[in-house]
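What follows is a short report on a single structure.
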Amino acid sequence: MYSRVHFGGHDFFFLHQFLLADDNLSFNTLLKEAYIFHFIFSLAVIITFQLLSKNEKAFTQLGFIYMGTLVFKIAAYTAMCYPQLMGDQYLPRFYRASLLIPVFVFLALEVFFVSKIIQRR
């Protein structure tokens with residue numbers, strides 16, 4: 001069913017990188033890692049929810065499970081980017097804020113696919 005839908009994470013990365021128009025290799029690497037992290041995590045959440053939706057007991061709890069995975073994802077991402085996000089490693093505020101864009105991109109995609117899974121039943 002989802003094979004026709006293009007996930008689009010790499011498209012957002014290239015657009016984001018293009019709009020920044022920055023040659024800072026260390027930041028571009030960090031940005032790429034952020035997109036990869038969110039892509040893998042979001043894909044795992046969607047696959048897991050697809051499997052859990054087949055179990056009646058788990059299906060009734062999918063909303064709560066999603067909230068827990070969202071909190072875990074944000075904590076894991078913050079731990080991964082802690083020096084850059086919290087200022088331990090110098091990074092202008094614009095770039096620190098830019099690291100949050102993948103969070104919102106993949107959050108929107110996750111919500112879209114998870115809601116499709118839940119509504120399908």
Side-chain angles (χ1 to χ4, degrees):
M1 176 177 188
Y2 297 112
S3 62
R4 292 178 287 148
V5 176
H6 182 69
F7 198 66
H10 69 283
D11 295 333
F12 287 112
F13 168 71
F14 289 120
L15 178 63
H16 190 169
Q17 195 174 29
F18 174 75
L19 292 174
L20 286 176
D22 192 348
D23 294 333
N24 184 342
L25 186 59
S26 64
F27 178 74
N28 287 339
T29 302
L30 183 62
L31 186 63
K32 186 175 185 176
E33 289 173 358
Y35 274 93
I36 290 170
F37 170 82
H38 288 291
F39 174 76
I40 292 171
F41 199 98
S42 295
L43 187 61
V45 165
I46 292 166
I47 290 170
T48 302
F49 274 61
Q50 182 67 30
L51 296 172
L52 287 175
S53 70
K54 296 176 186 339
N55 181 326
E56 187 61 38
K57 273 188 173 180
F59 182 78
T60 60
Q61 300 298 318
L62 283 182
F64 295 112
I65 294 169
Y66 182 69
M67 295 303 288
T69 59
L70 184 61
V71 169
F72 177 74
K73 177 182 177 180
I74 292 171
Y77 181 64
T78 303
M80 182 181 95
C81 295
Y82 185 81
Q84 293 83 8
L85 290 174
M86 300 304 164
D88 291 347
Q89 187 177 36
Y90 177 73
L91 193 62
R93 286 183 189 200
F94 175 76
Y95 291 112
R96 274 191 266 166
S98 185
L99 285 174
L100 296 176
I101 291 174
V103 173
F104 297 115
V105 167
F106 285 97
L107 177 64
L109 290 170
E110 277 178 25
V111 168
F112 174 77
F113 284 110
V114 168
S115 67
K116 288 282 188 186
I117 291 169
I118 291 173
Q119 287 176 358
R120 202 178 60 219
R121 262 181 104 190

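All values reported here derive from a predicted model rather than from experimental measurement.
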Looking only at heavy atoms, the pair that brings Tyr35 and Pro102 closest together is CE1-CG, 3.5 Å

Salt bridge (Lys or Arg N to Asp or Glu O under 4.0 Å) pairs touching residues 36-45, sequence neighbours excluded, are none

One should read off an interatomic distance between Phe113 CZ and Leu43 CG, to the nearest 0.5 angstrom, of 9.5 Å

When every non-hydrogen atom of Phe59 is compared with those of Ile117, the smallest separation belongs to CE1-O, 4.3 Å

Salt bridge (Lys or Arg N to Asp or Glu O under 4.0 Å) pairs touching residues 37-51, sequence neighbours excluded, are none

Quick note, salt bridge (Lys or Arg N to Asp or Glu O under 4.0 Å) partners involving residues 62-71, not counting sequence neighbours, are none

Shortest non-hydrogen pair, Ala34 vs Met80, comes out as CA-CE, 4.0 Å

| field | Thr60 side chain vs Lys57 backbone, donor-acceptor pair below 3.5 Å | value | yes

To the nearest 0.5 Å, atom OG1 of Thr69 lies from atom CD1 of Ile74 at 9.5 Å

Notebook entry, point to check: So Glu110 and Tyr66, side chain to side chain contact (heavy atoms under 4.5 Å, CB included) or not? Walk me through it.
Noted result: CA-CA 10 Å; Glu110 277 178 25; Tyr66 182 69; 2.7 Å; yes

Distance col, row Glu33:CD vs His38:NE2, nearest 0.5 angstrom, shows 11.5 Å

In short, Phe41 meets Lys73 closest at the heavy-atom pair CE2-CB, 3.4 Å

Of all heavy-atom pairs linking Leu52 and Ala58, the shortest is O-CB, 3.7 Å

The reported gap from CZ in Phe106 to CD1 in Ile40 (rounded to nearest 0.5 angstrom) is 10.0 Å

To the nearest 0.5 Å, atom CG of Leu107 lies from atom CG of Leu70 at 6.0 Å

dist Met67:CE -> Leu62:CG (nearest 0.5 Å) comes out at 13.5 Å

Taking every heavy atom of Leu99 against every heavy atom of Tyr77, the minimum-distance pair comes out as O-OH, 2.5 Å

